Q: 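Encoded as structure tokens, here's the structure I'll be asking about.
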Amino acid sequence: MRVSIATHSRLPKVSGHTLAVFRGKGTGSATVSGKITGAASGDRATLRAKSFGQTKYHQVGRPVTLAGGNAAYSFRVSPAVATAYQVAVTAKGSPTWLATSRASYVYVEGLGRITGKQACTTRPVCRIRLRLFVTIPPATYRRESAKHWYLYSRLRLAPSHKPPAPKFLKLDHSATASKAQRRHSFQFLVTLRFRFRIGRHDAYRWRVNFCTRDSEKADGLGLPGHHGCGDRVIRASKLYLG
């Protein structure tokens, strides 16, 4: 008997990793699915999970009864932190495993919500003030709220027509991020300030981005490895920084 397993979510994979958003509306869940070859009618597929910090797998949800032959399965999951999933197959009425899948992971990132005016209303210097509300699992609050923020920006000017959007952003050492202000046990607020000198130009276009470095190995939030946060230059189109 063979048990395949894969994970996917509504978000694009990052370096092959499946990613969900903590408390994200429509993005906070993922699917664990696969096929079981050589199953008998009545066999059961059980989803098992091991979240960050745990040492053993435990059952998640209800087992699926298989029709036999080559049977497909699918489970919906909503992890709070990085979680390894495994599917075990047992015969009807027996607790003994007939086969198990390899482990497949779903990683989790915090939810960010931005408020504030993003239009320039002053000249010759344009000042942008953004309020970023970050929602994260309570167990990760201390580490995540204390992280350093890397701020990126780029400005393009033109005498009349609006110029194309910048393709690359650079670390902005004049931009600032406030200390985290606690809102809830699962949320903090950071105020980001950017400044652009527009002068007398009638047309301009700016882009900003911001990030903290992932610490998945320490608290189970974000992705393993380095994903651009802190680099001197990043692509403006980059969807994930960590």
Side-chain angles (χ1 to χ4, degrees), residues 9-15 17 19-28 107-136 143-183 187-216 221-223 225-242:
S9 69
R10 294 181 62 179
L11 299 175
K13 285 183 180 285
V14 180
S15 300
H17 300 303
L19 188 64
V21 179
F22 180 72
R23 294 196 176 188
K25 187 176 181 180
T27 57
Y107 295 93
V108 181
E109 68 172 332
L111 173 65
R113 180 173 63 88
I114 301 172
T115 65
K117 294 182 180 180
Q118 299 186 30
C120 291
T121 57
T122 59
R123 289 177 182 270
V125 177
C126 170
R127 292 179 172 84
I128 305 296
R129 178 176 175 268
L130 305 177
R131 286 160 57 88
L132 175 63
F133 295 83
V134 182
T135 302
I136 36 94
R143 181 179 296 275
E144 295 297 324
S145 63
K147 286 183 176 180
H148 172 76
W149 285 87
Y150 294 88
L151 309 179
Y152 294 86
S153 71
R154 196 69 176 268
L155 173 69
R156 277 189 170 177
L157 301 172
S160 56
H161 299 292
K162 198 170 187 178
K167 293 184 178 180
F168 294 91
L169 308 180
K170 291 184 178 181
L171 274 175
D172 188 340
H173 297 290
S174 67
T176 62
S178 70
K179 290 185 177 180
Q181 301 176 33
R182 187 182 182 94
R183 304 284 293 184
Q187 186 183 76
F188 61 87
L189 165 65
V190 174
T191 301
L192 309 176
R193 290 182 170 86
F194 296 86
R195 184 178 60 183
F196 303 106
R197 178 166 290 278
I198 297 174
R200 298 178 179 273
H201 290 79
D202 293 325
Y204 58 88
R205 183 173 286 184
W206 57 270
R207 289 287 185 272
V208 301
N209 206 341
F210 35 84
C211 60
T212 59
R213 285 180 171 168
D214 285 339
S215 53
E216 184 271 334
L221 203 63
L223 294 176
H226 175 67
H227 298 277
C229 187
D231 291 355
R232 189 176 63 85
V233 178
I234 62 169
R235 286 188 175 273
S237 59
K238 194 171 181 65
L239 297 177
Y240 184 88
L241 285 171

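Being a predicted model, the structure only gives us computed values, none of them experimental.
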Q: To the nearest 0.5 Å, what is the distance between CG on Leu239 and CG on Asn209?
A: 9.5 Å

Q: Would you compute the distance between atom CZ of Arg129 and atom OG1 of Thr115 and round it to the nearest 0.5 angstrom?
A: 8.0 Å

Q: Any idea which heavy atoms bring Arg143 and Ser215 closest together, and the distance?
A: CD-OG, 3.5 Å

Q: Nearest 0.5 angstrom please: Thr135 OG1 to Gln187 CD, how far?
A: 4.0 Å

Q: How about Arg205: does its CZ atom have over 12 heavy atoms from other parts shown lying under 6.0 Å from it?
A: yes

Q: For Val125 and Arg197, work out which heavy atoms get closest and say how close.
A: CG2-NH2, 3.5 Å

Q: Quick one: closest heavy-atom pair of Arg154 and Leu169, and the distance?
A: CB-CD2, 3.5 Å

Q: Taking the side chain as every heavy atom from C-beta outward, state whether Ile198 and Pro124 have any atom pair closer than 4.5 Å.
A: no

Q: Sequence neighbours left out, what passes ring pair (Phe, Tyr, Trp, His ring centres under 6.0 Å) with Phe22? Give chain and number order.
A: none

Q: For His161, does the NE2 atom have more than 12 heavy-atom neighbours from other residues, nucleotides or ligands under 6.0 Å away?
A: no

Q: Walk me through whether Tyr150 and Ile234 qualify under side chain to side chain contact (heavy atoms under 4.5 Å, CB included).
A: CA-CA 11 Å; Tyr150 294 88; Ile234 62 169; over 6 Å; no

Q: Among side-chain atoms of Tyr240 and Asp214, is any donor-acceptor pair under 3.5 angstrom?
A: yes

Q: Do the side chain of Arg213 and the main chain of Cys229 share a donor and acceptor less than 3.5 angstrom apart?
A: yes

Q: Can any side-chain N or O of Asp172 pair as donor or acceptor with the backbone N or O of Ser174 at less than 3.5 Å?
A: yes

Q: Keeping the roles fixed (side chain from Tyr152, backbone from Asp231), state whether a donor-acceptor pair exists under 3.5 Å.
A: yes

Q: Could you measure the distance from the CG atom of Leu19 to the CD atom of Glu109? Nearest 0.5 Å is fine.
A: 4.5 Å

Q: Should the ring pair Tyr107 and His17 be called parallel, tilted or perpendicular, given that the plane angle runs from 0 to 90° and is split at 30 and 60?
A: perpendicular

Q: Can you check whether Pro163's main-chain N or O pairs, donor with acceptor, with Tyr204's side chain at less than 3.5 Å?
A: no

Q: So Leu241 and Phe210, side chain to side chain contact (heavy atoms under 4.5 Å, CB included) or not? Walk me through it.
A: CA-CA 8 Å; Leu241 285 171; Phe210 35 84; over 6 Å; no

Q: For a quick test of reading the model, state the closest non-hydrogen atom pair linking Ala180 to Ser145 and the distance between them.
A: CB-O, 3.4 Å

Q: Ignoring hydrogens, what is the shortest heavy-atom contact between Arg156 and Pro164? Give both atom names and the distance.
A: CD-O, 3.2 Å

Q: So, the side chain of Arg193 versus the backbone of Thr176: is there a donor-acceptor pair under 3.5 Å, distance only?
A: no

Q: Are there over 12 heavy-atom neighbours, none belonging to Arg182, within less than 6.0 Å of that residue's CZ?
A: yes

Q: How long is the span from the CG atom in Leu189 to the CZ atom in Arg183, to the nearest 0.5 Å?
A: 6.0 Å

Q: Give a yes or no on this: more than 12 heavy atoms of other residues, nucleotides or ligands lie within 6.0 Å of atom CZ of Arg195.
A: no

Q: What heavy-atom pair brings Val190 and Ala177 nearest, and what distance separates the two atoms?
A: CG1-CB, 4.0 Å

Q: Rounded to the nearest 0.5 Å, what separates atom CG in Leu130 from atom CZ in Phe194?
A: 6.5 Å

Q: Looking at residues at least two apart in the chain, or sitting in another chain, which of them share a side-chain contact (heavy atoms from CB on, under 4.5 Å) with Lys13?
A: Thr7, Thr18

Q: Evaluate Val208 against Phe196 for side chain to side chain contact (heavy atoms under 4.5 Å, CB included), listing each step before the verdict.
A: CA-CA 11 Å; Val208 301; Phe196 303 106; 3.9 Å; yes

Q: Could you check Val134 against Glu144 for side chain to side chain contact (heavy atoms under 4.5 Å, CB included), going step by step and ending with a plain yes or no?
A: CA-CA 9 Å; Val134 182; Glu144 295 297 324; over 6 Å; no

Q: Counting only N and O atoms by type, is there a donor-acceptor contact under 3.5 Å from the side chain of Ser9 to the main-chain atoms of Leu11?
A: yes

